[in-house]
Amino acid sequence: MTPPAQQQLFDDDPLPWELAAEEDVECAEVVFNRPMEQAFSYLVPEAWRGKLRAGQRVRCPFGRGNRPLTGYCVGFSRPKNTGKLKSLLEVIDREPLLNQHMLDLTQWIGERYLCSWGQALNTIIPAGVKNYAGTRMRTYFSIDEEALARVGETNLPTKQAAVIAALRAAKEPLQSKEIEQSADCGSGPVNGLKNKGILRVTRRRAATSPPSTDAVEREQDLTLNPEQLTALEKILQPLRSQKHETLLLHGVTGSGKTEVYIQAIREVVSYGRQAIVLVPEISLTPQTIRRFESRFDSVAVLHSHLTDAERHRQWKLISSGNVQVVVGARSAVFAPTTHLGLIVIDEEHETTFKQETTPRYHAREVARQRAKMAGIPLILGSATPTLESYARARRGIDQLITLKKRVSDLPLPPVSAVDVRNDPRCVSGSGIGRAIQTAIRAAVEDGGQVILFLNVRGHSPVLWCKACGEGIKCPNCDITLTWHKDRHLAMCHTCEFAIDPPKTCPRCGHAAVRYFGIGTQRLEEEVAAKFPRYKCLRMDSDTMRKRGSYETALDAFRKGEVQILLGTQMIAKGLDFPNVTLVGVIDADTILHQPDIRAAERTFQLIAQVAGRAGRSSKGGRVLVQTSSPDEPAIQFATAHDYVGFVHAEIQHRREMQAPPFWHLARVILRGLIDDEVVEFSNSMATVLRKAAEESDLPVRLLGPAPAPIMKLNKFYRHHFQLAAEQAETIQKLWRSVATKLPKSSNVEYVVDVDPLNMR
DNA sequence: AGCACGCCGACT
DNA sequence: GTCGGCGTGCTC
């Protein structure tokens, strides 16, 4: 890739006398962590010429005041006239932080996600790498043999001779402390030798603490069933011919996708190459990590709970080429591997692969681009692939591989929708309807375990005034407060706001505040009241605050100390408990009724994923889904385990709606403290874009502006509009063409979300 | 994004 | 007459 075309400052031809000097003038192309498209050229000082490499950070005088600013060297150029260029001040890194592949990838991210190259670079390099966390500059001593020979080794005092002997024995430069220890002396002899010039002094970075290494017991690869073997064969083809291809591995829950990945990685490792495995943060559990560590010699793990120093160490380890497999969450797609051979994305449909801050990249798309640039395969695995991925496979752009059977040869559990519209208990406000209650009783009395899923935390999600009929909202947000009985607080789930529950309505003053709706806390009470003889455990982000509590809770469930596990999203994925014979979805409609084009898709995914937790042993199992919309296609197809049927229906709907995956979207979200200002600004911004689209004849639709679904968030009023086009590049082109002409405001800020998943 | 330059309102 | 408001445009 070539650096972005920079503004041509010097288009006059060079004078003859300038040419000679130019021969050895090298300019560094530098990008900054600022929303500026261009790269800037700087002269490289003599001392650095030929040594500076792309991927290193440099300090540069910037702007009229020549204030020093850190930038990334992304390449070199030889401008015709260098007269007006400034010189860079300093090179920050001894070694490039990134290789050329990653530079190219970050440039692509900038283009694709509408931010600058510098911003993309800055966000993908971990803070711990940028500040060399966990290392210190240390002084090392080695013998200057010539100087020693001049003095004569035999003429040295005993202690100094011991120092020389210690260094000889070590065969590598040592720190003063280390010498003192092995020569059994103080710092005197070392300093003495240093002052005589016999010891050479070098300064370099070293880790402050040695890495902890707990050995993991090695395990053999499992035997694949015929279906898995066929899948593996299909993956090995592009792997062996070293070409890029995306393979969508659609396998039902429990079909053994991970084992297929592992054996594909085994092949990659045998070529001396590395693999990256991306998993959603939530499934980055010790079990998952152990699963990989027990199969490969060197596994690096990247997750959000690493300290800066640990992350830095992992990054260095990976970039030294001494790691076979990198397992990590979203950002691990940027792991600086030296010879990447394969990328795997497990649970491809998970929304956590989308970053919600600039650049708002999707790890799947970044992985696709990285794999394409590196000429290697990409595997996407899921029991419920996104429509985006499935549509590509159906059109033959990607290869579809299907695993229809569970490895254990056990059937998928029967799933039934329970219509709660006429259930007396649910109508009167209970979470657990008749059918689920009967099923729970049967399951626990039979010695089985139960998982209950409810996607609402807290006790009651709605505080409501009976007198004026209004929900009680957060003063900072357009969100009703949730009653948290355990902490005795009415809380806002989108900002930090929490108050003692109001006894009187803040609007009309009547003492008529009622609590409505069911959250996990209330469900827990209900279960405890209905099944007092059985132990119930609640898992949501309120009870899972402490580090390790997740593992402790799951351990208790695994050991059978707990019979009923209830919780939010976090218990929907990946858990494998053979003794679970019943899974209950308390309310399938919460997601279904969201004003989001993907509401049906998410509902289907959720039911399919939750259902996958049941029937994982010969004891069998069943799934009950409470809903008020039993006729909704998403629910019907989910109860029939009919992914393909659902997708075909939904894809038709998306086509008609001109929605993804047929159309690409970019969402512009604007916010400010004064509503009118935000309205006015979004209108003027949309007008500029609409006009530019018309004049340039680019086929882009502009939808909106309109108030965002959450109109007020954290005191900010929010509005948004969308750009839609059949080609992602069309939106990029339009945006690029107007980027400098967009209006500016000091009171309204905005972000662009390319391929948005979260529409709130 | 910063930051400087520049052109119009309420103060010594 | 000047201090300072934030609109505009540039940064190698």
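Each chain gets a letter, A, B and so on, in the order its sequence line appears, and its residues count up from 1.
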**Student:** Scan side-chain atoms only and decide if A:T352 and A:E281 contain a donor-acceptor pair under the 3.5 Å cut-off.
**Tutor:** no
**Student:** Between atom CG in A:N66 and atom P in B:dA4, what is the gap in whole Å?
**Tutor:** 12 Å
**Student:** Taking atom types as modelled, is there a side-chain donor on A:Q594 or A:R602 under 3.5 Å from an acceptor on the other?
**Tutor:** no
**Student:** Please answer whether the main-chain N or O of A:N758 pairs with a side-chain N or O of A:R667 as donor and acceptor at a distance below 3.5 Å.
**Tutor:** yes
**Student:** Kindly point out which of B:dA1, C:dC6, C:dT11 is positioned nearest to the side chain of A:Q38?
**Tutor:** C:dT11
**Student:** Roughly how many Å is it from OH in A:Y72 to P in C:dC12, rounded to a whole number?
**Tutor:** 19 Å
**Student:** A:K744 has an atom NZ; how far is it from atom P of C:dT8, in whole Å?
**Tutor:** 9 Å
**Student:** When all nucleic acid strands are considered with a 4.0 Å heavy-atom cut-off, which category describes A:F62: base, sugar-phosphate, or nothing?
**Tutor:** base
**Student:** In whole Å, I'd like the distance from the CG atom of A:L69 to the C1' atom of B:dC3.
**Tutor:** 12 Å
**Student:** Think A:R67 has a side-chain N or O under 4.0 angstrom from the OP1 or OP2 of B:dG2?
**Tutor:** no
**Student:** Using the closest heavy atom to pick a nucleotide of DNA chain B for each, name whichever of A:R64 or A:Y750 lands nearer the 5' end.
**Tutor:** A:Y750
**Student:** Nearest whole angstrom, please: distance from the P of C:dC12 to the CG of A:L85.
**Tutor:** 10 Å
**Student:** Please tell me whether A:N131 and A:H312 have a donor and an acceptor in their side chains that are separated by less than 3.5 angstrom.
**Tutor:** no
